[in-house]
Amino acid sequence: MASSKSQAKPVHILFVGAGAVGCFYASRLHHPPHNVHSSLVARSNYKAIAAAGRVELQTHSFGDYAFEPYAVFPNIDAAVPNASSSSSKSPTSGGESASARAPPKNGWDYIVITTKALPDRTDDAAMVVPLVSEKSCLVLIQNGVGVEEPYRKRFPNNPIVSAVTVISAEQIRNGVIRQNRWTRISLGPYGHGLGASTSTSTSIDDVARLSNERMQSLAHWWTSLGGIRDVETHTELELQTIRWHKLCINAAFNPTAVLSGGRGNADQLTDPELRAHVLGIMNEIRDAAPLVLGKPFPDTLASPEKIIKSTERNTGGRPSMLLDWEAGRPMEIEVILGNPVRIARAKGVEMPRLQSLYACLRSMQKMREERAGKGKL
């Protein structure tokens, strides 16, 4: 585990995705006095962040402050380290803007993925290949289940840390982030999957050990230096259990918001039929998860009834899948619905409620895109 002292060598952390979640957690992981430096790959908000040299944060947990990343890049290609780069100077040297800094010549120590997981649209693991070196740890802060496997297949020997967040945050305008409530981030190492055998190769054990060490360092920097009180570290099984448990929220409310005509989470629960439908999905996930994971949800994770009561208090909340649908953007259908259905089916478990949601939403998205394509002809 990382000590409380400054790092002897600079630690460079690159966040791929500079939305609300990415910027918030990057800001709490940026500690130049301790030689820990966070950088951003921004896209739609690149010009605003580059021009200002900072991200403005308005937070419930830490007040208002500015985050000045070590470097900011408009795309992944611009963030690829180059041995001939002029960035060999000390990261703390002044007079150079974040947008003018080159990537660290010795490469990225951590690459944190906070973009939406859309495996039906993009191969994110292939996209980050130019960024990854032997020392790089991949950190996946993404929704759904099964998000780690494409990265493990492409990077069999790199440490991977999987993460699940509970946070309410939004980008109110380019380069300005508002955190409304919650800061929890749950971390777990990802070896070669829960079913991997360790009997034939010590490399699997080595990767799991490295992933755990990197997880502990991240937790230290986020807590002791970044002040986030509810950073949790878990085993691989525990973290995957948390991922499946979060489906009780994401797979129940998000698709239902779209299919019900745009009703927010709390609003759904005012309709008796929708309320029964949402509870049915949660219970289906709760029944299937032990058969998939080999272990039931622990009592420390909220029951469907407790999730319902908590959701009723969050009036006005509109899930991200609904916002994506209304804006004409692709939805995270595969990782929230398709992957759990396929993973459970491979274990001999059917999830008919999730499968119905998946089939309907996938068809809705496909038909809308086909109609939009014809309209452009």
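Keep in mind that this is a model prediction, so the values were computed, not measured.
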J.: Would you mind checking if E213 and R209 are paired as a salt bridge, meaning a charged N to carboxylate O distance below 4.0 Å?
T.: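 Between E213 and R209 there is a salt bridge, with a charged N closer than 4.0 Å to a carboxylate O.
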J.: Between I307 and C248, which heavy-atom pair has the shortest distance, and what is it?
T.: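 So the minimum-distance heavy-atom pair works out to CD1-CB, 3.9 Å.
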J.: Will you find, in the side chains of E148 and Q240, an N or O donor that is under 3.5 Å from an N or O acceptor?
T.: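 Present: a donor and an acceptor within the cut-off.
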J.: Flag the pair L40 / C23 as yes when at least one side-chain heavy-atom distance between them is below 4.5 Å, and no otherwise.
T.: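 Result yes, sub-4.5 Å side-chain heavy-atom pair found.
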J.: Whether the side chain of Q179 engages the backbone of S61 through a donor-acceptor N/O pair (distance < 3.5 Å, no angle test) should be reported.
T.: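 Yes: the side chain of Q179 pairs with the backbone of S61.
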J.: Is the backbone of F155 close enough, under 3.5 Å, to the side chain of R152 for a donor and an acceptor to pair up by distance?
T.: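 Side chain of R152 to backbone of F155: a pair is present.
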J.: In this structure, are over 12 heavy atoms from other groups packed under 6.0 Å from E273 atom CD?
T.: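 No - once you tally the heavy atoms of other residues, nucleotides and ligands closer than 6.0 Å, there are 12 at most.
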J.: Would you mind listing every salt bridge (charged side-chain N to carboxylate O under 4.0 Å, His left out) that reaches into residues 50-79, with sequence neighbours excluded?
T.: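 Found R54-E56.
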J.: Side chains of E149 and Y190 only: does a donor on one sit below 3.5 Å from an acceptor on the other?
T.: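 Indeed, the side chains of E149 and Y190 share at least one donor-acceptor pair under 3.5 Å.
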J.: Within a reach of under 6.0 Å around NZ of K135, are more than 12 heavy atoms found that belong to other residues, nucleotides or ligands?
T.: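 Atom NZ in K135 is packed in, count exceeds 12.
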J.: Under 3.5 Å, is there a donor on one side chain and an acceptor on the other for N339 and R342?
T.: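 The criterion, which ignores hydrogens and geometry beyond distance, is satisfied for R342 and N339.
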J.: Applying ring-ring contact (aromatic ring centres under 6.0 Å, His included), which residue pairs with at least one partner in residues 319-345 are found, sequence neighbours left out?
T.: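 Pairs touching residues 319-345 that pass the test: none.
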J.: Which other residues end up in the same hydrophobic cluster as L210, if Ile, Leu, Val, Met, Phe, Trp and Tyr are linked when side-chain heavy atoms come under 4.5 Å apart?
T.: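 Once heavy-atom contacts under 4.5 Å are chained together, L210 still belongs with nothing else.
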J.: Main chain of R178, side chain of E170: is a donor-acceptor contact present, judged purely on distance under 3.5 Å?
T.: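 No, the answer is negative, given that no donor and acceptor are paired below the 3.5 Å cut-off.
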J.: List, by chain and number, the other hydrophobic cluster members for W182, where Ile, Leu, Val, Met, Phe, Trp and Tyr join if side-chain heavy atoms come within less than 4.5 Å, directly or indirectly.
T.: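 The other cluster members (ILVMFWY side chains, heavy atoms under 4.5 Å, direct or chained) are V166.
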J.: Please check this pair: side chain of T223 against backbone of H220, looking for a donor-acceptor N/O pair closer than 3.5 Å.
T.: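 Here the side-chain-to-backbone pair exists.
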J.: I'd like to know if D324 pairs up with K116 as an ion pair, taking the criterion as any Lys NZ or Arg NE/NH1/NH2 lying under 4.0 Å from an Asp or Glu carboxylate oxygen.
T.: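 Counted as a salt bridge, because a side-chain N and a carboxylate O are separated by less than 4.0 Å.
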J.: Please enumerate all residues that pass ring-ring contact (aromatic ring centres under 6.0 Å, His included) together with Y25, with sequence neighbours excluded.
T.: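 Here the qualifying residues are W222.
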J.: Are V11 and W221 close enough, and set up right, to give a side-chain contact (heavy atoms from CB on, under 4.5 Å), and what steps lead you there?
T.: CA-CA 11 Å; V11 174; W221 296 326; 3.7 Å; yes
J.: With salt bridge (charged side-chain N to carboxylate O under 4.0 Å, His left out) as the rule and sequence neighbours excluded, what pairs involving residues 6-19 come up?
T.: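 Counting only pairs at least two positions apart or across chains, no salt bridge (charged side-chain N to carboxylate O under 4.0 Å, His left out) contact touches residues 6-19.
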J.: Step by step, would you call L118 with E334 a side-chain contact (heavy atoms from CB on, under 4.5 Å)?
T.: CA-CA 7 Å; L118 301 168; E334 296 301 329; over 6 Å; no
J.: Mark yes or no for whether S136, through its side chain, and W108, through its backbone, hold a donor-acceptor pair below 3.5 Å.
T.: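 A pair under 3.5 Å: yes.
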J.: May I ask you to decide if G17's main-chain N or O and T114's side chain share a donor-acceptor pair within less than 3.5 Å?
T.: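 Checked: pair present.
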